[in-house]
**Student:** 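Okay, here's the structure, questions in a sec.
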Amino acid sequence: MGRDTIANVLTSIRNADMDRKGMVRITSTTITENLVKILLREGFIKNVRKHRENNKDFLVLTLRHRRNRKRLDRTSLNLKRISRPGLRIYSNYQRIPRILGGIGIVILSTSRGLMTDREARLEGVGGEILCYIW
C-alpha cells in the first residue's frame with residue numbers, strides 16, 4: 001500500500017468489480033469514509049458497514065453488479081484517479097468537467113468537504129478534482 005489512500009480505495013474497488021467479488025474491505029479514514037458516502041449516495045455501491053478488527057477500523061463495501069453483462073472484460077464501474085500527490089489538478093466551479101454528458105460524476109475536494117460536481121456547481125465552489133466515476 002502506498003501513501004495515496006484515494007488511489008488505493010479506487011484500485012481495490014476496481015479490482016473487486018473486475019473479479020466480480022461481492023465485497024471489498026478497505027481501511028477506514030476520514031477521506032475514505034466521505035468518498036464511500038458519495039459512492040453510496042450516487043448508487044455506485046449497494047451497502048457499507050464499519051468493521052473493527054485488531055484495533056483497526058475497516059469499511060466493508062457491498063458492490064453493485066449488472067446482471068446481464070455479456071462481455072467479461074467490460075466492468076460496470078469505471079473509476080479514474082485524476083489529481084495525485086505528484087500532480088494536483090484544481091478547477092473552479094465553472095470549469096468542472098462533465099463526464100459522459102452528466103451521466104458520470106466528478107468527485108472534488110473543496111473547502112466545504114468532498115462533494116460531487118453537481119453539488120459544487122450549485123454551491124459555486126471549486127477545488128481539487130480527485131476522480132471521475134462512470
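The chain is numbered in sequence order, starting from 1. On a predicted model such as this, the values are computed, not experimentally measured, just so you know. Values below: every heavy atom of this structure, side chains too, minus hydrogens, waters and symmetry copies.
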**Student:** Quick check: do P97 and I129 have side-chain heavy atoms less than 4.5 Å from each other?
**Tutor:**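 Yes, at least one pair of side-chain atoms sits under 4.5 Å.
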**Student:** State, yes or no, whether a side-chain contact exists between T5 and T27 at a heavy-atom distance under 4.5 Å.
**Tutor:**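 A side-chain contact is absent here, since even the closest heavy-atom pair is not under 4.5 Å.
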**Student:** Are any of the side-chain heavy atoms of I89 and R84 separated by less than 4.5 Å?
**Tutor:**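 A side-chain contact is absent here, since even the closest heavy-atom pair is not under 4.5 Å.
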**Student:** Measure the shortest side-chain to side-chain distance between C131 and K80 over non-hydrogen atoms and say whether it is less than 4.5 angstrom.
**Tutor:**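 SC-SC contact between C131 and K80 ruled out.
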**Student:** Among N8, D4, T11, find the one that has a side chain to side chain donor-acceptor pair (under 3.5 Å) with R81.
**Tutor:**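 Per the side chain to side chain donor-acceptor pair (under 3.5 Å) rule, the option paired with R81 is D4, out of N8, D4, T11.
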**Student:** What are the two closest heavy atoms between S12 and I26, and how far apart are they?
**Tutor:**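 Heavy-atom minimum between the residues: CB-CG2, 4.0 Å.
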**Student:** Given side chains that start at C-beta, do those of V24 and V60 come closer than 4.5 Å, heavy atoms only?
**Tutor:**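 V24 vs V60: side chains apart.
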**Student:** Whether the side chain of R49 engages the backbone of L59 through a donor-acceptor N/O pair (distance < 3.5 Å, no angle test) should be reported.
**Tutor:**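 Side chain of R49 to backbone of L59, a donor-acceptor pair under 3.5 Å: no, none is there.
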**Student:** How close do A120 and I96 get, heavy atom to heavy atom, and via which atoms?
**Tutor:**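 Looking at all heavy atoms of both residues, the shortest contact is CB-CD1, 3.8 Å.
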**Student:** Within a strict 4.5 Å, meaning less than it, do heavy atoms of the L39 and I13 side chains meet?
**Tutor:**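 Yes, close enough: below the 4.5 Å cut-off.
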**Student:** Can you find a heavy atom in the side chain of L130 that is under 4.5 Å from one in the side chain of L114?
**Tutor:**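 A side-chain contact exists here, since the closest heavy-atom pair is under 4.5 Å.
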**Student:** Let me check something: any side-chain donor-acceptor pairs from residues 100-107 under 3.5 Å, sequence neighbours excluded? List them with distances.
**Tutor:**
none

**Student:** Quick one: salt bridge (Lys or Arg N to Asp or Glu O under 4.0 Å) pairs with a partner in residues 118-134, sequence neighbours left out?
**Tutor:**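 For residues 118-134, and leaving out neighbouring residues, the salt bridge (Lys or Arg N to Asp or Glu O under 4.0 Å) pairs sorted by first residue read R41-E119, E42-R118, R88-E128, R112-E123, D117-R121.
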**Student:** I need the W134 CH2 to L79 CG distance, nearest 0.5 Å.
**Tutor:**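 Reported to 0.5 Å precision, the distance equals 8.0 Å.
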**Student:** Are the side chains of I6 and V9 in contact, using a 4.5 Å heavy-atom criterion?
**Tutor:**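 Not touching, per the 4.5 Å side-chain cut-off.
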